[in-house]
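What follows is a set of notes on a single structure, which appears directly below.
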Amino acid sequence: MRLAEDISAAFTGAHKEVLMRQLIIISLLFIHFSSLSAELSERACPAWPATHLEKETRQLTAQLAQWDTAYHQSGISPVEDSVYDNLRQKQSFWLQCAGRVLPAPAIPRAEDAISVHPVSHTGLNKMKDKQAVADWMKGRKNLWVQPKIDGVAVTLIYRYGHLAALLSRGDGEKGQSWTAKAALIPAIPLTIPDLAPQLVLQGELYLKMTGHQQSADGGVNARSKVAGAMLRTSASDILNQLGIFIWSWPDGPLSMSSHLGKLSQFGFPVVSQYTLPVKSVDEVAKWRDTWFLRPLPFATDGVVIRQEEEPAGKYWKNKPATWAVAWKYPPVRQLTEVAGITTTIGRSGKVTIILNLKSLRLDDKWVNKVNVGSINRFRNWDVLPGDQVAITLAGQGIPRLDEVVWRVSERTGLQLPDPQQYNALSCFTPEPGCAQQFLSRLVWLSGPEALDMAGFGGATWQKLLDARPADSLVSWLDITEKEMAAVPGIGVKQAQKLMAQISLTREKDFRHWLSAMGFPTFALKFAERQHSWNQLKAMTSLEWEATAGIGKTRANQIFEFIHHPQVMAIAGALRQAHLPAFQ
């Protein structure tokens with residue numbers, strides 16, 4: 001996870017800013033290089049010449065630097081953490097492919113720029129699924145679950161009951177002092193009823209919300225707003241809207257109930273409302289789902305499961321804790337690479353662009369392609385193979401292109417079909433350039449809205465076309481069982497089933513055959529009243545306009561369809577095949 005959220009870049013001197021940015025880079029490298037070896041074992045290096053790889057890596061590095069500058073200097077997060085993390089990992093991977101490793105800069109020694117945390121901030125191991133959570137919980141007792149607040153981590157230091165310091169998380173060992181801003185945040189008590197020489201609390205500054213529903217609203221950039229308010233040298237109105245969730249009290253009361261009770265007395269009541277005992281992974285899952293769906297006063301990105309017993313604060317290190325773990329929500333969107341681009345042409349002539357993706361998992365779905373729509377929409381996206389794209393799940397779990405996050409520098413245009421060549425009256429035969437639309441017509445013909453031929457999907461039609469080239473949309477009517485069984489990939493048993501379906505089509509009524517031919521669907525219920533093809537042919541555009549109660553344009557479309565030469569040829573072929581619907 002990105003650590004920039006926890007370190008202030010708004011220093012009074014340029015020297016301090018440089019030092020802190022170096023510290024941030026060290027933290028990022030520590031996280032991302034830790035997973036690089038596993039990444040290398042699963043991925044292949046790009047099949048690019050060395051000069052191309054160098055160029056793309058240089059461009060990606062420059063983009064990451066721009067985002068870092070925006071985040072660290074202005075508190076603006078141009079991209080989500082998951083997107084940033086993915087691209088930072090890709091940069092490291094490409095450098096490794098080129099035989100280079102980004103050197104880690106020396107740790108700066110600048111005690112005046114940062115303050116030391118009395119107790120180190122620990123990280124959280126992320127559990128990949130419910131089973132991993134169950135495995136971690138096994139053998140542990142006195143467990144509690146909390147929402148994982150999406151905010152900015154801080155340390156509060158009280159001395160003899162008075163707030164002495166408010167520190168950013170920083171690198172976990174040291175952070176920037178934000179003490180001056182504490183008085184502007186009403187949620188932070190400046191005094192507490194405890195006169196201990198030093199009392200340390202760790203928590204999350206968050207943006208207060210009303211009825212925020214994580215499943216519907218997402219993160220709404222809440223963390224960036226908090227970070228921006230804390231990074232500014234001047235006071236921000238957002239400070240009045242901040243809350244704080246205390247998730248750790250190093251060396252605090254041993255029992256969680258006492259721990260929560262005292263925090264409420266100190267003026268931190270939110271934590272006791274959202275820290276609940278759990279005994280099973282099902283209980284954890286229930287609260288995870290509940291907090292994902294239920295309106296809450298803050299943004300969240302998962303849950304934290306922690307045990308009551310913790311080691312003394314002096315043993316805490318800047319690394320994942322052993323006494324607490326996180327189980328995050330499925331990412332709202334994920335980053336992947338465009339592996340290729342294909343086009344499809346539907347039965348009505350609509351040209352659609354499909355992005356083939358390097359497989360990714362969204363929620364419980366594996367996604368390897370996404371529909372971007374028409375050629376014009378595709379051109380507006382300006383996306384090519386090699387680009388990094390963010391994919392989300394839209395309604396009913398349909399993958400959707402959300403953003404082109406990063407583009408390769410070498411951008412060669414693709415040869416695409418001319419959409420002007422295709423329409424509702426093109427490609428009734430598989431002539432050159434018509435293979436896709438003709439196949440789409442066959443798939444529709446055998447579908448539930450037309451002849452409903454079980455077993456005749458796109459793959460079956462393609463096998464037939466490869467083995468027995470067609471010259472008509474209905475040339476399959478005269479195929480024999482022997483010819484069907486000889487088609488590669490079909491065989492005797494399947495051939496018998498397919499021939500039975502063909503036999504059934506002969507008894508289909510006039511309406512179903514009209515639909516199979518591609519008759520305009522908006523007028524089917526009026527066309528079937530004519531009972532025969534000859535009656536349809538005899539009708540004029542004006543009669544269609546009056547009969548169907550439609551406009552002139554649609555009436556002309558019907559007339560043009562009926563009198564199109566290839567449609568007339570199909571109707572003639574059906575009559576010669578002695579189909580009852582065309583006698």
Side-chain angles (χ1 to χ4, degrees), residues 79-83 85-87 128-130 212-221 288-289 292-294 299-302 328-407 414 416-417 419 422 424 436-437 439-450 452 456-462 521-522:
V79 294
E80 300 170 10
D81 280 0
S82 59
V83 171
D85 290 348
N86 187 293
L87 289 176
K128 66 178 182 177
D129 52 30
K130 186 176 180 179
H212 176 77
Q213 192 172 338
Q214 193 69 29
S215 60
D217 305 327
V220 296
N221 212 26
R288 181 175 180 262
D289 292 342
F292 185 60
L293 298 170
R294 178 188 294 176
T300 60
D301 60 1
K328 299 188 74 173
Y329 299 134
V332 176
R333 65 178 191 166
Q334 284 200 30
L335 203 68
T336 190
E337 184 174 317
V338 179
I341 293 172
T342 57
T343 61
T344 63
I345 304 174
R347 70 181 183 94
S348 64
K350 181 181 178 181
V351 180
T352 301
I353 307 298
I354 306 294
L355 301 187
N356 299 315
L357 309 171
K358 289 191 175 179
S359 293
L360 71 156
R361 190 179 181 92
L362 279 173
D363 201 358
D364 60 347
K365 297 176 180 289
W366 280 102
V367 176
N368 55 27
K369 62 179 61 177
V370 64
N371 183 332
V372 295
S374 67
I375 288 179
N376 284 339
R377 289 194 64 194
F378 167 73
R379 286 173 175 154
N380 289 337
W381 276 112
D382 184 24
V383 59
L384 291 174
D387 290 350
Q388 302 295 309
V389 294
I391 305 297
T392 62
L393 288 182
Q396 298 181 337
I398 299 172
R400 180 185 68 193
L401 175 62
D402 194 57
E403 182 185 3
V404 182
V405 177
W406 181 80
R407 294 176 171 88
L414 299 174
L416 298 173
Y422 303 95
Q436 283 194 13
Q437 187 177 2
L439 178 60
S440 294
R441 288 191 181 280
L442 286 172
V443 171
W444 169 266
L445 173 148
S446 61
E449 298 297 321
D452 198 15
F456 279 88
T460 299
W461 283 120
Q462 191 62 62
T521 54
F522 60 82

* To do: Let me see the working for Thr343 and Gln436 under side-chain contact (heavy atoms from CB on, under 4.5 Å), right down to the final yes or no.
  => CA-CA 9 Å; Thr343 61; Gln436 283 194 13; 4.1 Å; yes
* Mind checking whether Leu416 and Ile353 have side chains closer than 4.5 Å, heavy atoms only? -> yes
* Go through Tyr329 and Thr300 one step at a time and tell me if the side-chain contact (heavy atoms from CB on, under 4.5 Å) criterion holds. => CA-CA 9 Å; Tyr329 299 134; Thr300 60; 3.3 Å; yes
* Measuring from Arg288:CZ to Lys328:NZ, what's the distance to the nearest 0.5 Å? -> 11.0 Å
* Where do Pro385 and Ala339 come nearest, in terms of heavy atoms and distance? -> CB-O, 4.3 Å
* Side-chain donor or acceptor of Arg294 paired with backbone N/O of Asp289 under 3.5 Å -> no
* Asked: Taking side chain as C-beta onward, heavy atoms only, is Arg407 less than 4.5 Å from Leu384?
  -> no
* **Backbone N/O of Lys358 and side chain of Glu337: donor-acceptor pair under 3.5 Å** => no
* Do you know which two heavy atoms are closest between Ser440 and Ile345, and how far apart they sit? -> OG-O, 2.7 Å
* Any side-chain heavy-atom pair from Leu401 and Ile391 closer than 4.5 angstrom? -> yes
* Side chains of Leu355 and Phe378 in contact at under 4.5 Å (non-hydrogen atoms) -> yes
* Please report the C-alpha distance between Asn356 and Ile341 in whole Å, then the side-chain angles of each, then the deciding distance to 0.1 Å, and finally whether the side-chain contact (heavy atoms from CB on, under 4.5 Å) criterion is met. => CA-CA 6 Å; Asn356 299 315; Ile341 293 172; 5.9 Å; no
* Structure fact -> In short, Tyr422 meets Gly349 closest at the heavy-atom pair CB-O, 3.3 Å
* Asked: Just wondering, do Arg400 and Thr392 contact through their side chains at under 4.5 Å, heavy atoms?
  -> yes
* Between atom CZ of Arg347 and atom CD of Gln437, what is the distance when rounded to the nearest 0.5 Å? -> 10.0 Å
* Could you tell me which non-hydrogen atom of Gly458 sits nearest to which non-hydrogen atom of Leu439, and how far apart they are? => O-CD1, 4.0 Å
* Structure fact -> Heavy-atom closest pair (Leu445 atom, Trp461 atom, distance to 0.1 Å) is CD2-CZ2, 4.1 Å
* Can you measure from CG (Leu442) to OG1 (Thr460) and round to the nearest 0.5 angstrom? => 11.5 Å
* Structure fact -> Heavy-atom closest pair (Gly386 atom, Trp406 atom, distance to 0.1 Å) is O-CZ3, 4.2 Å
* Looking at OG1 of Thr521 and CH2 of Trp444, how far apart are the two atoms once the value is rounded to the nearest 0.5 Å? -> 6.5 Å
